[in-house]
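Numbers here are sequence positions counted from 1.
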Amino acid sequence: MESDHSPRLEGVVIISLPPPDNPSLGKTITAFTFSDSPQPHHQNPQEQPHDNLQIHLPIRSHLNPRRQFSFARFRLFPGIPRKLLVFLGITLFAFVLYAFVFPKAIEEFRRSNDDEEGTNSFILPLYPKLGNRGQNDAELKLGRFVGFDKEDLLVPIGDEIRTQKMNKLVSSRDSVDSSAILPVRGNVYPDGLYYTYIQVGSPPRRYFLDMDTGSDLTWIQCDAPCISCAKGANPLYKPTRGKLVPSKDSLCTEIHRSQKTQNCETCQQCDYEIQYADHSSSLGVLARDELHLKSPNESLTKMNIVFGCAYDQQGILLNTLTKTDGILGLSRAKVSLPSQLASKGIINNVVGHCLSADAGGGGYMFLGDEFVPQTGMTWVPMLNVPSLDFYYTEIVKIDYGSSSLQLGSWGSGVRRIVFDSGSSYTYFTKEAYSDLVDSLKEVSGPQLIRDASDPSLPICWQATNPLRSVAEVKKFFKTVTIQFVSKWWTTSPKLRIPPEGYLIISGKGNVCLGILDGSKVHDGSTIILGDISLRGHMMVYDNVNQKIGWAKSDCVQPRRFKSPPFFQ
């Protein structure tokens, strides 16, 4: 019989898993230790391990649970009771197991610690626009402020705002844990846009606005009086002299800097003109009025914002404004709505939208970061382009199936890609578009025949019978894969666009290609991802951390991610 016989130790861990339908209840971990030898009479009570310890806060550990050590044989830490070492080993093993099974809870816990106090988040609905059927209402926004001569500036007469005819010139332009969710409606075809609504004024009036991540300024058609306005969904906004923004205002100075025009500091109003990539334009003055937003908990937030009082619209805007009242500018510019809200500490400067892939369209958008998923997202770094406030990043290549599409000369900046919810369709560079069209020649056959008589889009195919959905012919087409540049030493992120992400069914029942030649759009060398390719994904534009992300989603119901499951 050995005098130095060590007591036999046994460890037991009881893990209570949460119900499968409610993981937010968390997991309970109970650890026990047993010994077959009596306890010393003079043992310090502080050295006794707890026999029943419930653990609620998981931590990550780099220990490999497959490697087991017998603390009874290896005295790695002299002076520490063996029971305590056994308990610590069991506890670390339980934590590693929890981290492996519930990594999402850990990520959300980490995010909750980073949240600032007092910010809000807002969800906005996206509503359907019942456009003029048979007309091509496809939009291509990417709006820019344009310069004009001083003699053409707007001149106030009494309480009315009048203008002279202006030349249309194109030039480049440059918290709180609160969020807002707004429902979104609309579709790519035949409506050509997605829109939501905001409430402005006192008392508040509702206005339907085209959701546009490619536009800086939010503007509403207004009676100043109106020179050229479409009959929108709601009565025109009526400004008063006290609501007009003076030219010395910092946001007016910012706009005139982008227009490369000299600001009139003695003027009592701030004039602007925007021209879009589809050659539409909007002319007006800046106004300041109350914006009313409801948080997910139904609390009402009111704040003054600057927006455009637009009284002269030209081009395709007059078609798309038949059921809307203006444009919701969501770009990175200081005058955009999210930037204004962030500057007031209302939200963290994060914008997101989720457009349903269903034929009926719709979805939602949000302002703030409470609805950003912490797992399952693909992130790419946001590219800062001088004098431009679009959501840019860079790409490595584009594939159609297993075939790579040429992008053109690297020196011409063709690696840039912009996410634009104001554009109905996607635009490739001339070289990439030509390669794609050549690759699609294999589609033509007895079951799909090119139909040049369909005016919906440049390339359409007619099937044996009129089509109702892309699903009927998707087997003839391949996935388009866009590979992005990564600056974080990880695998290059990819965005896979299935046939439903670049095809539409026209009014004639044909299937048409929703990727267009962008050689004459913007600078001709930038790829533009429009609504057709953004559907079925939650898109997030994180201006705080300078990154763009996406994740697949049905875009039916937004979910808040601020609080980790075990704290809910």
Side-chain donor/acceptor pairs under 3.5 Å, residues 222-231, sequence neighbours excluded:
{"unit_1": "D223", "atom_1": "OD1", "unit_2": "C226", "atom_2": "N", "d": "3.4"}
{"unit_1": "D223", "atom_1": "OD2", "unit_2": "K238", "atom_2": "NZ", "d": "3.0"}
{"unit_1": "S228", "atom_1": "OG", "unit_2": "Q313", "atom_2": "O", "d": "2.8"}

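Test I515, T481, I482, T479 against I497 for side chain to side chain contact (heavy atoms under 4.5 Å, CB included) and you get one pass: I482.
Taking the salt bridge (charged side-chain N to carboxylate O under 4.0 Å, His left out) definition, one finds that K441 meets it with D438, sequence neighbours left out. Partners of E500 by side chain to side chain contact (heavy atoms under 4.5 Å, CB included), not counting sequence neighbours, listed by chain and number: V470, K474, P498. Scanning for salt bridge (charged side-chain N to carboxylate O under 4.0 Å, His left out) contacts around D517 gives an empty result, with sequence neighbours left out. Qualifying side chain to side chain donor-acceptor pair (under 3.5 Å) partners for K478, counting only residues two or more places apart in sequence or in other chains: E442. For V437, the side chain to side chain contact (heavy atoms under 4.5 Å, CB included) criterion is met by Y433, I459, not counting sequence neighbours. N465 pairs by the side chain to side chain contact (heavy atoms under 4.5 Å, CB included) definition with nothing, not counting sequence neighbours. Applying the ring pair (Phe, Tyr, Trp, His ring centres under 6.0 Å) rule to Y391 yields the partners Y541; only residues at least two apart in sequence or on another chain are considered. With sequence neighbours left out, Y237 forms a ring pair (Phe, Tyr, Trp, His ring centres under 6.0 Å) with F307.
Closest heavy-atom contact between D542 and V544: OD1-N, 3.0 Å. Taking all atoms of both residues into account, the shortest heavy-atom contact from P338 to G329 is CD-O, 3.7 Å. Nearest heavy atoms, M382 versus K547: CE-O, 3.5 Å. In terms of heavy-atom proximity, G284 sits nearest to Y311 at CA-CE2, 3.4 Å. The minimum heavy-atom distance linking T324 with Q221 is given by the pair O-NE2, 4.4 Å. Here the shortest heavy-atom pairing between S282 and L317 reads CB-CD1, 4.5 Å.
Within the model, atoms OG of S525 and NZ of K430 stand 13.5 Å from one another, a figure rounded to the nearest 0.5 Å. Rounded to the nearest 0.5 angstrom, R496 CZ and Q483 CD are separated by 9.0 Å. To the nearest 0.5 Å, atom CG of residue N349 and atom CD1 of residue I347 are 6.0 Å apart. Summarising the geometry, atom CZ belonging to R416 is positioned 11.5 Å from atom OG1 belonging to T393; distances are rounded to the nearest 0.5 Å. How far CD1 of I398 is from CD1 of I527: 3.5 Å, rounded to the nearest 0.5 Å. Interatomic distance, OG of S215 versus CG of L330, reported as 8.5 Å (0.5 Å rounding).
Side-chain contact of D399 with S404: a donor-acceptor pair under 3.5 Å is present, judged by distance alone.
Residues M211 and L355 form a side-chain contact, since some pair of their non-hydrogen atoms from C-beta on lies under 4.5 Å apart. Counting only heavy atoms from C-beta outward, the side chains of L495 and T378 never approach each other to under 4.5 Å. Here the side chains of S336 and L217 are not in contact, with every heavy-atom distance at 4.5 Å or above. Using a 4.5 Å heavy-atom threshold, the side chains of D212 and D420 count as touching. For the pair Q314 and D312, the minimum side-chain heavy-atom distance is below 4.5 Å. Contact check for L388 versus V418: no side-chain heavy atoms found under the 4.5 Å cut-off. No side-chain heavy atom of L209 sits less than 4.5 Å from a side-chain heavy atom of I327. For the pair Y427/T526, no side-chain contact is recorded, criterion being any heavy-atom separation below 4.5 Å from C-beta on.
At distances below 3.5 Å, not a single donor-acceptor pair connects side-chain atoms of D191 with backbone N or O atoms of G186. A donor-acceptor pair under 3.5 Å links the side-chain atoms of S424 to the main chain of G192, judged by distance alone. When atom types are taken as modelled, the side chain of S339 and the backbone of V335 share no donor-acceptor pair closer than 3.5 angstrom. Side chain of Y189 to main chain of G507: a donor-acceptor pair is present (N/O by atom type, distance under 3.5 Å, no hydrogens or angles). Looking only at distances, no side-chain donor or acceptor of S356 sits under 3.5 Å from a matching main-chain atom of C555.
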request  = Just do the side-chain contact (heavy atoms from CB on, under 4.5 Å) check on F428 and V480 with the steps written out, would you?
outcome  = CA-CA 12 Å; F428 279 2; V480 172; 4.2 Å; yes
request  = Before giving the answer on side chain to side chain donor-acceptor pair (under 3.5 Å), spell out for S533 and T426 the whole-Å C-alpha distance, their side-chain angles and the decisive distance to 0.1 Å.
outcome  = CA-CA 7 Å; S533 301; T426 290; 2.7 Å; yes
task = Run the numbers on Y400 and L440 for side-chain contact (heavy atoms from CB on, under 4.5 Å), then give the verdict.
result = CA-CA 9 Å; Y400 174 74; L440 289 172; 3.3 Å; yes
ask   = Can V188 and Y194 be said to form a side-chain contact (heavy atoms from CB on, under 4.5 Å), step by step?
value = CA-CA 8 Å; V188 173; Y194 292 83; 4.0 Å; yes
message = Working note: Q374 + V372, criterion side-chain contact (heavy atoms from CB on, under 4.5 Å); need CA distance, chi angles, decisive distance, verdict.
response = CA-CA 6 Å; Q374 298 310 298; V372 179; 4.0 Å; yes
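Applying the disulfide bond (SG atoms under 2.5 Å apart) test to pairs two or more places apart or on separate chains, those with a residue in residues 501-548 are C460-C512. Under the salt bridge (charged side-chain N to carboxylate O under 4.0 Å, His left out) criterion, the residue pairs touching residues 444-473 are D451-K508, with sequence neighbours excluded. A ring-ring contact (aromatic ring centres under 6.0 Å, His included) check over residues 462-484, counting only residues at least two apart or in different chains, returns the pairs W461-F477, F484-W550.
Within 6.0 Å of atom CD in Q406, 12 or fewer heavy atoms from other residues, nucleotides or ligands are found, so the atom counts as exposed in its surroundings.
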